[in-house]
Protein chains: 2
Amino acid sequence: MRPTVHDIAASAGVSLATVDRVLNARPGVRAVTRAKVEAAIERLGYVRDVAAANLAKGRIYPLVFIIPEGENPFMRGLEAEVRQAMDRVTFDRTSISVVNVPPFDAHALAAAIDAAVAGEVAGIAAVAVDAPEVVDAIDRAHAEGVAFVTLVSDLASSRRDHFCGVDNVAAGRTAGSLMARFLGDREGPVAVLAGSMRVRDHSERLSGFSAVMAEAGCGRHVLDVLEGQDDPVRARALVARCLAEFPGLAGIYSLGAGNAGLVAALEAAGRPGLCVIAHELTPPTRAGLESGIVDAVLHQDAGHEVRSAIRVLRAKADGMKPVAAQERIRIDIFIKENLPPPDPETGTALAGEG
Amino acid sequence: MRPTVHDIAASAGVSLATVDRVLNARPGVRAVTRAKVEAAIERLGYVRDVAAANLAKGRIYPLVFIIPEGENPFMRGLEAEVRQAMDRVTFDRTSISVVNVPPFDAHALAAAIDAAVAGEVAGIAAVAVDAPEVVDAIDRAHAEGVAFVTLVSDLASSRRDHFCGVDNVAAGRTAGSLMARFLGDREGPVAVLAGSMRVRDHSERLSGFSAVMAEAGCGRHVLDVLEGQDDPVRARALVARCLAEFPGLAGIYSLGAGNAGLVAALEAAGRPGLCVIAHELTPPTRAGLESGIVDAVLHQDAGHEVRSAIRVLRAKADGMKPVAAQERIRIDIFIKENLPPPDPETGTALAGEG
DNA sequence: CACTTTTTGATTTACGTACATCAAAAAAGC
DNA sequence: GCTTTTTTGATGTACGTAAATCAAAAAGTG
């Protein structure tokens with residue numbers, strides 16, 4: 001049986017009250033007595049029953065997730081993961097709420113952050129937009145002692161406590177490496193389809209990709225970036241035009257959203273042999289992989305990101321620093337053969353770790 | 001604030017004792033009264049505080065993990081993950097112990113299972129060995145009402161409740177697909193290095209790999225399997241001999257352990273351009289990826305498997321069925337560019353989800 | 001020594017749930 | 001109407017910890 005506070009009190013030859021004072025860093029304990037208690041804790045291998053402690057404290061951790069609204073399938077999957085996590089975290093006295101804001105709207109995001117801070121939350125997770133007013137809002141939250149993590153898209157210039165997302169330069173490098181190996185010594189330039197170069201993660205991915213392409217030896221030519229604003233309709237038009245213009249095109253790297261349009265354009269054009277790599281395993285990219293139009297999909301596991309964000313926010317709210325190395329988000333590579341079965345619960349098209 | 005039993009008692013207009021009888025399915029409640037209480041539960045959205053419930057029950061869940069001993073780095077990483085999980089699960093009254101048995105020893109494994117059952121555990125997780133006496137031991141555990149999951153290596157013919165591991169046929173197919181794409185139209189046969197074809201997961205991987213190789217159109221030739229018994233020394237000798245014998249060799253698929261030997265043989269031979277795909281991200285395969293000797297590593301996340309096993313065993317011990325879709329283990333693909341930083345804590349060379 | 005201050009002990013209440021006991025009320029049977 | 005059975009209420013204890021109170025003991029001060 002696990003030792004309790006009573007056991008360490010008996011073992012240390014002190015009262016329960018003294019043990020409590022030591023455990024909760026309350027004043028009024030001599031150094032020698034404190035040492036006796038700590039020795040007993042060590043000796044018996046006592047670990048606090050956090051469930052009982054939280055029960056006694058009556059403490060709850062209200063967290064807010066601020067997520068862009070709109071039809072971006074990755075964001076919808078992210079939100080689904082948050083809602084799934086809500087049930088799972090009730091047991092350790094964490095209550096999560098979701099706030100939706102218009103995508104890419106710095107003003108709305110800043111307002112949502114301020115509202116959450118005013119609402120006395122313990123922590124905030126938000127998909128950051130790169131703008132000064134957002135930085136200011138995050139810094140205000142920090143000043144109020146509210147834990148803050150950026151989700152998916154970082155804002156390193158702010159005072160956020162942590163970033164829950166992938167290393168996007170490495171993701172771009174991974175895409176480049178796969179593209180180079182898949183193409184082998186096949187000739188021809190490659191195209192890049194992005195949402196917008198003014199979004200941090202997209203530009204980072206491009207720089208990683210371009211770097212590897214340049215290193216690749218053969219010096220493969222990367223065409224000018226097609227900016228589709230993450231919109232399927234625009235993406236489709238851009239890709240269709242590019243395919244017509246460059247009959248010798250060897251590959252396409254889609255580093256943003258709007259992949260439904262990419263897949264549609266490729267289906268219409270019917271160009272086998274073209275190497276296509278996209279980001280985020282969502283219904284369109286999954287369909288592309290299954291049909292063979294898409295060769296590989298780089299993915300960040302939204303479920304991991306959400307759970308990591310919750311752990312970090314809780315740790316921060318308790319005044320502890322999270323184990324940084326443990327909270328790193330992997331870059332997943334999917335090809336047709338290791339495609340997980342779709343998860344009906346979240347719609348993220350992914351087997352979750354739960 | 002979350003509703004408590006008191007709230008639903010008041011809302012339903014009954015006493016606390018009656019609510020308790022309904023919640024814990026105790027007898028002596030009229031159908032109408034039960035309906036009233038259930039309506040109140042629904043209305044207020046009551047969810048039982050499992051932490052408080054377990055505290056009151058004083059229930060603990062003793063689980064046993066049976067893991068092969070020896071120097072197999074993947075198994076050592078697996079054990080490290082289990083030991084890491086021990087701390088993490090204390091909060092929900094789960095106590096985990098680890099039992100080591102000699103690898104591939106069906107008799108020892110069966111004995112360990114029987115010992116665990118005799119020790120009144122709530123659940124057992126074991127790396128299965130494919131043998132009738134192991135099946136019998138698992139079935140005895142099942143008969144005694146002890147939850148059982150197979151870990152990494154399955155034994156589908158037994159009455160185990162669940163398998164926590166990857167789809168090894170799909171893993172072999174993934175390896176085959178990557179090999180085919182990396183090789184492009186480069187000529188030459190490919191070699192396969194395995195531990196033993198009498199181990200289920202190895203034979204499954206081979207069948208998946210061979211199937212894709214045959215489908216690949218060009219009909220690439222797969223040489224006879226090299227069985228290295230997961231031993232680095234034997235593996236090194238086999239690979240060295242194969243390299244000498246087949247100067248035109250295009251690729252090597254290592255689907256078992258002993259990869260330290262594989263990497264050493266390749267380093268000694270110095271054969272750039274050879275496509276090498278291995279399994280499990282361990283120190284040797286990580287080193288191979290970093291030096292460029294290994295092109296890709298297929299990986300199963302031991303941390304996921306352990307955490308999944310714990311969830312499934314706990315659910316089973318509570319008489320609930322786990323959400324199967326949520327407990328699926330992914331096949332991770334690592335190349336040099338998406339290699340996570342090593343985790344000093346587990347030695348699994350992986351960023352954990354935690 | 002008396003005195004103050006600090007440290008420690010003893011005790012109580014609380015958190016939300018489980019479980020047991022016994023009395024009171026309601027329903028059913030005759 | 002009565003008894004018998006079933007259902008319900010009231011109450012208490014327990015789990016392991018937090019937090020508060022007040023008294024008792026020990027330490028330090030003059």
Side-chain angles (χ1 to χ4, degrees), chain A residues 1-41 44-62 89-95 317-319, chain B residues 1-41 44-62 89-95 317-319:
Chain A
M1 211 55 189
R2 262 174 65 182
T4 73
V5 280
H6 298 83
D7 298 322
I8 60 174
S11 175
V14 300
S15 79
L16 213 56
T18 301
V19 173
D20 180 68
R21 289 183 184 110
V22 173
L23 279 175
N24 295 289
R26 271 185 267 276
V29 185
R30 276 187 304 164
V32 271
T33 314
R34 163 166 286 116
K36 274 201 300 186
V37 173
E38 278 162 354
I41 289 173
L44 301 185
Y46 169 82
V47 278
R48 187 199 305 253
D49 184 331
V50 273
N54 280 333
L55 177 61
K57 273 198 276 216
R59 174 170 196 181
I60 54 159
Y61 302 81
V89 297
T90 48
F91 76 92
D92 53 6
R93 318 197 76 71
T94 305
S95 83
D318 278 333
Chain B
M1 210 56 189
R2 261 174 67 182
T4 73
V5 280
H6 296 83
D7 298 322
I8 61 174
S11 175
V14 300
S15 78
L16 214 55
T18 301
V19 174
D20 180 69
R21 290 181 183 110
V22 172
L23 278 175
N24 295 290
R26 272 185 265 276
V29 184
R30 277 188 304 167
V32 271
T33 314
R34 162 165 286 114
K36 273 202 301 185
V37 173
E38 279 162 353
I41 289 174
L44 302 186
Y46 169 81
V47 279
R48 187 197 307 252
D49 184 331
V50 274
N54 280 333
L55 178 61
K57 273 198 276 216
R59 176 172 193 179
I60 54 158
Y61 302 81
V89 297
T90 47
F91 76 91
D92 54 4
R93 317 198 77 70
T94 304
S95 81
D318 279 334

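In the text below, chain A, chain B and the rest are named by the order of the sequence lines, each starting its count at 1.
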### Full working for side-chain contact (heavy atoms from CB on, under 4.5 Å) between L23(B) and I41(B)
CA-CA 10 Å; L23(B) 278 175; I41(B) 289 174; 3.9 Å; yes
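- Residue H6(B) contributes atom NE2, which lies 12 Å from atom P of dA10(D) at whole-angstrom precision.
- When distances run from any side-chain atom of S15(A) to the nucleotides dA18(C), dA18(D), dG9(C), the shortest one goes to dG9(C).
- Of the two residues near DNA chain C, A17(B) and L55(B), the one whose nearest nucleotide lies more 5' is L55(B).
- Taking every side-chain heavy atom of R48(B) into account, dT17(C) is the closest of dC19(C), dG16(D), dT17(C).
- Phosphate proximity of dG9(C) to T18(A): present, with a side-chain N or O under 4.0 Å from OP1 or OP2.
- Taking atom CG of L16(B) as the reference point, atom P of dC19(C) lies 14 Å away to the nearest angstrom.
- With rounding to the nearest 0.5 Å, the separation of NE2 in H6(B) from OG in S11(B) is 14.5 Å.
- Annotation for L44(A) and P3(A): closest pair O-CG, 3.4 Å, computed over non-hydrogen atoms.
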#### Entry: CA sep, side-chain torsions, deciding dist, call: N24(B), R48(B), side-chain contact (heavy atoms from CB on, under 4.5 Å)
CA-CA 11 Å; N24(B) 295 290; R48(B) 187 197 307 252; 3.2 Å; yes
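- In this structure, the CG atom of D7(B) is 11 Å from the P atom of dC15(C), given to the nearest Å.
- Here the C1' atom of nucleotide dG9(C) and the NZ atom of K36(A) are 12 Å apart, to the nearest Å.
- Note: CG (D49(B)) to C1' (dA18(C)) measures 12 Å, nearest angstrom.
- Contacts with DNA chain C (heavy atom under 4.0 Å) in residues 20-29 of chain A: R21(A), G28(A), V29(A), listed by number.
- For the atom pair CD1 of I8(B) and OG1 of T18(B), the computed distance is 10.5 Å after rounding to the nearest 0.5 Å.
- One N or O on the side chain of R2(B) and one on the backbone of V47(B) form a donor-acceptor pair closer than 3.5 Å.
- Remark: C1' of dG16(D) and NZ of K57(A) are 13 Å apart, rounded to the nearest angstrom.
- Between dA14(D), dG9(C), dG9(D), one nucleotide has an atom nearer to the side chain of V14(B) than all others, and that is dG9(D).
- The residue among A52(B) and R30(B) whose nearest nucleotide of DNA chain D is located toward the 5' end is R30(B).
- Rounding to whole angstrom units, CD1 of residue I60(A) and P of dG16(C) are separated by 11 Å.
- Rounded to whole Å, atom C1' of dT7(C) lies 11 Å from atom CZ of R34(A).
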### Message
Quick one, Y46(A) with V37(A), criterion side-chain contact (heavy atoms from CB on, under 4.5 Å). Give me CA distance, side-chain angles, the key distance, then yes/no.
### Response
CA-CA 11 Å; Y46(A) 169 82; V37(A) 173; over 6 Å; no
